[in-house]
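First comes the structure, then the notes that go with it.
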Amino acid sequence: MTVEFPLYQMMNENGQLVREDDKERLTDELIREFYYHMVRIRTFDRKAISLQRQGRLGTYAPFEGQEAAQAGSALALGKEDWLFPTYRDHGATLTYGADMARTFLYWNGRVEGCVPEEGKKIFPPAVPIATQLPHAAGAALAEMRKGTKNAAIAYFGDGATSEGDFHEGMNMASVFKVPAVFFNQNNGFAISVPIEKQMNSKTVAQKSVAYGIPGVRVDGNDILAVYFQTMEALERARNGEGPTLIEAVTWRYGAHTTADDPTKYRNQSMSDEIRQTRDPLMRLERYMKNGDLWDEGWINQIQQEITDEVERAIKEVESYPPPKVDDLFDHVFETPTWTIAKQKEEYFQLLRGEA
Ligand SMILES: Cc1ncc(C[n+]2csc(CCOP(=O)(O)OP(=O)(O)O)c2C)c(N)n1
Ligand SMILES: [Mg+2]
């Protein structure tokens, strides 16, 4: 049986609107906001790789190529919504208001990197694949029971859809009709495993059928499509219509992490080709140029502001007090279990030279 989930686009590769009517939904201000955030997160991402290469940051998971999927979806969120990211979603968390210095600290293994800005409901990145989906379903259920209009969004990759937690989260959310958005970034790979070797379904979006919820397949490099589809999913969530599965079809240009070499499992010429034709920033640039919105002065100004912001964040990170050994043990549970308490005691004995 085939279930068709056509790719939804608002803006084609040449930066032209697919349906002229959509022009009414757009303002120059919104377009500039999209562009600003994509430049900002791309600048962050490139800097993180450079710092890792210089030994100033730990292993890092780049997201270049996925900026439209991340910024577009995060900009659709309301201020009181919950965001459950993975290790590759700093573009989304930064756009949603995560602190940049703390985001760098996360990649230096610092517990401070898991603490969101006051009032921001951003969870620490989930590294165990798909575990954040049941968390998001639970947070959404809690908001529903409290009678708020807040929703939860969970980010996850194509590989995550083969995990039990994906199905458990989707099932729970659909049965209880919770206000959740399951935002999948299909970048074609789970580390070195291409999607065709990982699942038998043609699309991620069609998995929504099994749970009786709306599913949409959007061009994840088209920020307009991502933003408006996420907005609609959030509206359904807030109106009591339950969860939505969004598949944003995208591509990561670089390695899975800085510890990976993608040339071992794929032909990188595909990345070069996508960069030429479907790059999310390039596409919006073409749209802006077509509509006379492109202003070199403004571009240089935001690039300078962003570079300064990134440099300030790095300065802050590098003058941070050193980590405490206690941090290794203290935040696993609210009250440590006896096993953790014992491990901590033994480790301190070792450090004192008593063990
Ligand atoms: C439960 C679990 N199994 C395996 C891993 C190792 N692992 C880390 S990332 C990854 C691939 C995930 O791919 P995908 O969900 O497509 O996300 P992407 O990395 O492409 O953003 C795997 C298998 C893990 N972190 N957690
Ligand atoms: Mg993937």
Side-chain angles (χ1 to χ4, degrees), residues 7-46 63-81 83 89-98 100 120 151 153 181 183 185 216 218-236 238 246 248-251 274-310:
L7 195 71
Y8 178 82
Q9 258 189 354
M10 274 179 72
M11 176 175 55
N12 67 20
E13 280 76 2
N14 301 322
Q16 290 152 337
L17 289 185
V18 176
R19 288 163 299 275
E20 262 312 302
D21 297 359
D22 281 333
K23 188 137 192 67
E24 289 162 24
R25 305 167 88 180
L26 303 167
T27 62
D28 293 355
E29 199 189 345
L30 187 62
I31 299 295
R32 282 199 199 93
E33 199 179 357
F34 288 155
Y35 194 78
Y36 168 82
H37 282 285
M38 289 202 289
V39 173
R40 178 169 178 260
I41 62 180
R42 180 167 287 188
T43 308
F44 167 88
D45 191 66
R46 288 185 177 175
F63 57 77
E64 184 164 345
Q66 303 185 202
E67 292 90 348
Q70 298 199 13
S73 53
L75 287 168
L77 295 170
K79 284 197 167 48
E80 296 290 322
D81 292 332
L83 195 163
D89 299 316
H90 307 297
T93 54
L94 286 167
T95 303
Y96 195 49
M100 195 178 280
K120 288 278 167 201
I153 188 167
V181 177
F183 191 87
Q185 286 169 90
V216 273
V218 303
D219 183 335
N221 286 14
D222 168 358
I223 193 162
L224 309 185
V226 171
Y227 175 79
F228 285 103
Q229 285 296 338
T230 311
M231 195 73 106
E232 284 174 26
L234 286 163
E235 271 165 27
R236 280 193 291 277
R238 296 188 214 292
I246 297 177
V249 181
T250 183
W251 187 260
I274 291 176
R275 199 185 273 285
Q276 296 305 319
T277 53
R278 285 188 269 153
D279 181 69
L281 277 83
M282 184 79 81
R283 198 183 304 191
L284 196 62
E285 178 178 332
R286 288 181 185 137
Y287 176 87
M288 291 168 85
K289 284 181 174 160
N290 290 341
D292 238 1
L293 258 176
W294 189 255
D295 172 354
E296 291 287 342
W298 181 75
I299 301 293
N300 293 338
Q301 182 203 325
I302 60 162
Q303 187 63 69
Q304 191 56 53
E305 278 170 25
I306 291 166
T307 306
D308 292 348
E309 182 192 7
V310 173

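Sequential numbering from 1 along the given sequence is applied to the chain's residues. Keep in mind the model is a prediction, meaning the values are calculated, not measured.
- With sequence neighbours excluded, the residues that form a ring pair (Phe, Tyr, Trp, His ring centres under 6.0 Å) with F44 are F104.
- For A92 against L83, the heavy-atom pair with the smallest separation is O-CD1, 4.1 Å.
- Here M10 contributes atom CE and L17 contributes atom CG; the two are 6.5 Å apart, rounded to the nearest 0.5 Å.
- To the nearest 0.5 Å, atoms CD (Q70) and OG1 (T93) are separated by 7.5 Å.
- Taking OG of S73 as the start and CG of D89 as the end, the distance is 8.0 Å to the nearest 0.5 Å.
- With sequence neighbours left out, V249 forms a side-chain contact (heavy atoms from CB on, under 4.5 Å) with L7, R217, E247.
- The nearest pair of heavy atoms linking V181 to A233 is CG2-CB, 3.9 Å.
- Legend: salt bridge (charged side-chain N to carboxylate O under 4.0 Å, His left out) pairs involving residues 29-42, not counting sequence neighbours, sorted by first then second residue: R40-E309, R42-E64, R42-E67, R42-D279.
- D28 meets the side-chain hydrogen bond (donor to acceptor under 3.5 Å, both in side chains) test with no other residue; sequence neighbours excluded.
- Within the structure, ring pair (Phe, Tyr, Trp, His ring centres under 6.0 Å) pairs that include any residue of residues 286-310 comprise Y35-W294 (at least two apart or interchain).
- A donor-acceptor contact closer than 3.5 angstrom is absent between the side chains of Q9 and D222.
- Considering OG1 of T43 and CD1 of I302, their distance stands at 8.5 Å, rounded to 0.5 Å.
- Annotation: ring pair (Phe, Tyr, Trp, His ring centres under 6.0 Å) contacts of Y227 (sequence neighbours excluded): F34.
- Atom CD of residue Q301 and atom CD of residue Q303 lie 11.5 Å apart, to the nearest 0.5 angstrom.
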Could you go step by step and tell me if H90 and D45 meet the side chain to side chain contact (heavy atoms under 4.5 Å, CB included) rule? CA-CA 8 Å; H90 307 297; D45 191 66; over 6 Å; no
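- M11 pairs with exactly one of D219, L284, L26, N221 by the side chain to side chain contact (heavy atoms under 4.5 Å, CB included) rule, that one being L284.
- Applying the side-chain contact (heavy atoms from CB on, under 4.5 Å) test to D292 and every residue at least two apart in sequence or in another chain returns nothing.
- The two residues N12 and V18 come nearest to each other via the heavy atoms N-CG2, 4.0 Å.
- In this structure the side chain of I299 never reaches within 4.5 angstrom of the side chain of V39, judged on heavy atoms.
- Using modelled atom types, no side-chain atom of K120 and backbone atom of A98 make a donor-acceptor pair closer than 3.5 Å.
- The side-chain contact (heavy atoms from CB on, under 4.5 Å) test applied to A69 returns F183, Q185, A248, not counting sequence neighbours.
- Of all heavy-atom pairs between G65 and T250, the closest is O-OG1, 3.2 Å.
- Residues D308 and Q304 bring a donor and an acceptor atom of their side chains to less than 3.5 Å of each other.
- Residues D81 and R238 are paired through a salt bridge, judged by an N-O separation under 4.0 Å between the basic side chain and the carboxylate.
- Remark: R236 engages T244 in a side-chain hydrogen bond (donor to acceptor under 3.5 Å, both in side chains) (not counting sequence neighbours).
- Rounded to the nearest 0.5 angstrom, L293 CG and I31 CD1 are separated by 7.0 Å.
- Qualifying side-chain hydrogen bond (donor to acceptor under 3.5 Å, both in side chains) partners for E235, counting only residues two or more places apart in sequence or in other chains: none.
- Applying the ring pair (Phe, Tyr, Trp, His ring centres under 6.0 Å) criterion to Y8, with sequence neighbours excluded, gives no partner residue.
- Summarising the geometry of N290 relative to G15, their closest heavy-atom pair is ND2-O, 3.1 Å, with the distance given to 0.1 Å.
- Among residue pairs with one or both ends in residues 10-22, those qualifying as salt bridge (charged side-chain N to carboxylate O under 4.0 Å, His left out) are R19-D22, D22-R25; sequence neighbours excluded.
- Between V218 and A225, the closest heavy-atom pair is CG1-O, 4.3 Å.
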